[in-house]
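Reminder, nothing fancy here: chain letters follow the sequence lines and each chain counts from 1. Every heavy atom of this structure was used, including side-chain atoms; hydrogens, water molecules and symmetry mates were not.
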2 protein chains.
Amino acid sequence: MGHKGTETRERILDASEKLIESGGYFNAGLNQVIAVSGAPRGSLYFHFPEGKDQIVGESLRRAGATIGGVLEGLADSGGSAAEFVEAVIAHLGDRLEESGWARGCPVATVALEMAAVNDDLQQACSDVYTAWTAALASRLDGRLDADDLAVTLLALIEGGLVLAKAHRSREPLERVGRQVATLLP
Amino acid sequence: MGHKGTETRERILDASEKLIESGGYFNAGLNQVIAVSGAPRGSLYFHFPEGKDQIVGESLRRAGATIGGVLEGLADSGGSAAEFVEAVIAHLGDRLEESGWARGCPVATVALEMAAVNDDLQQACSDVYTAWTAALASRLDGRLDADDLAVTLLALIEGGLVLAKAHRSREPLERVGRQVATLLP
DNA sequence: TGAAATATGTAGACCAGTCTATAGGGAGCT
DNA sequence: AGCTCCCTATAGACTGGTCTACATATTTCA
């Protein structure tokens with residue numbers, strides 16, 4: 001695949017990722033993906049012959065890797081475990097607020113919409129969450145209940161993002177952030 | 001409005017509520033609502049002249065009241081605050097598992113899909129979450145940080161439901177449940 | 001020249017919403 | 001009582017638009 005080809009492919013995934021973050025699977029209509037990415041309709045099926053679900057699946061896994069990288073970056077920047085989690089929450093809150101309360105967690109939306117009926121997308125969501133949980137747990141290494149804690153912190157973050165989007169406010173994230181210290185003494 | 005009329009109206013809301021719980025706003029297509037409820041298309045626009053968004057909004061508020069009632073029922077059944085929260089988690093986990101990992105929180109899905117672009121539905125989601133938060137906070141009355149705790153517990157529950165649906169497993173809810181005691185000593 | 005990639009058009013299903021027609025049942029009148 | 005009138009509610013065909021997917025050129029580059 002030539003240079004221009006991979007570039008188009010990336011632009012398609014970028015557009016799809018952004019649309020999914022903003023409103024989930026059904027917000028990422030192919031016409032919208034075409035409009036946002038500027039890619040022609042034909043290129044879409046050239047690069048993703050399995051169609052929409054392939055685009056969504058790859059977008060999810062790529063977004064998962066991106067945010068996973070952010071987690072590892074913040075984990076390496078020192079500070080206590082609670083400070084690390086609060087930094088993650090602040091980062092995701094920035095993203096959400098700066099986008100006008102649009103860009104939340106892409107995985108959560110697709111999971112709630114599709115996990116019950118689409119095995120491939122359910123697997124993609126599950127895999128991304130597993131990777132994030134592992135990243136959190138490794139930052140908490142040494143604690144007896146690191147696995148339970150990692151899942152709990154991920155639930156807290158995902159739930160906080162849901163509430164923040166629903167209220168269009170950082171307040172839920174701030175309240176959650178204040179309680180993290182209780183979980184991570 | 002006669003008896004038969006209200007019955008049809010309720011059946012429409014029941015169907016819509018179930019479809020929203022399973023897959024959100026776009027899973028509650030009017031054709032699906034018609035098929036599940038058995039109501040004819042004309043009745044749908046007779047009872048809900050503002051169309052789909054009115055049906056979804058009323059479904060959300062009704063579902064919010066139903067689950068709010070469950071919260072208050074469990075709050076009145078004695079036990080510690082942690083036991084209360086664990087009972088709530090167990091109840092929602094039952095609902096999710098018994099439906100084949102379909103019936104999660106209706107509010108979360110619609111919030112993630114629509115809150116950024118639809119003011120009415122965003123308000124409905126926000127109102128329901130506010131009511132649930134108040135119910136949780138009143139059960140925690142007497143604690144200094146009852147408001148922060150209530151939001152945190154709601155985020156934990158919502159996030160736990162997202163993870164459970166994504167993994168098609170109770171495990172995330174169980175891990176979260178085990179950590180609740182740390183938050184509510 | 002040949003493959004890779006782009007560009008465009010279109011098929012067929014599904015979507016929300018509108019329209020007209022009509023069944024049913026109670027209120028009011030004779 | 002028997003009759004008409006009217007409102008509630010049901011019923012389903014129909015419209016314009018959007019969706020994903022596919023088919024068929026055309027361009028671009030090695």
For A/K52 and C/dC14, what is the distance between atoms NZ and P respectively, to the nearest whole Å? 15 Å
In whole Å, I'd like the distance from the CZ atom of B/F48 to the P atom of D/dT10. 11 Å
Please check: side-chain N/O of A/Q179 versus main-chain N/O of B/T152, any donor-acceptor pairing under 3.5 Å? no
What is the distance, rounded to the nearest whole Å, between atom CD of B/E7 and atom P of D/dT8? 19 Å
Atom CZ of B/F46 and atom C1' of C/dT18: how far apart are they, to the nearest Å? 16 Å
Check whether the side chains of B/Q123 and B/D127 place a donor and an acceptor atom closer than 3.5 Å, and report yes or no. yes
d(OH, A/Y45; P, C/dT8) in whole Å: 17 Å
Would you indicate what A/G42 reaches in the nucleic acid, counting non-hydrogen atoms under 4.0 angstrom: base, sugar-phosphate, or nothing? base
Does C/dT6 have OP1 or OP2 sitting under 4.0 Å from an N or O in the side chain of A/T8? yes
Please give, in whole Å, the distance from C/dC15 P to B/D53 CG? 16 Å
Of C/dT6, D/dA21, C/dA16, the nucleotide closest to the side chain of B/L30 is C/dA16
Taking only side-chain N and O atoms of A/N31, does any of them lie within less than 4.0 angstrom of OP1 or OP2 on D/dC19? yes
Output the rounded distance in Å from CZ (A/R41) to C1' (D/dT24). 15 Å
B/Y45 six-ring face occupied by B/K52 cation (under 6.0 Å, within 45°): no
Just by modelled atom types, is the B/R95 backbone N or O under 3.5 Å from a matching donor or acceptor in the B/S99 side chain? yes
Without decimals, in angstroms, what is the distance between A/H47 NE2 and C/dA4 C1'? 9 Å
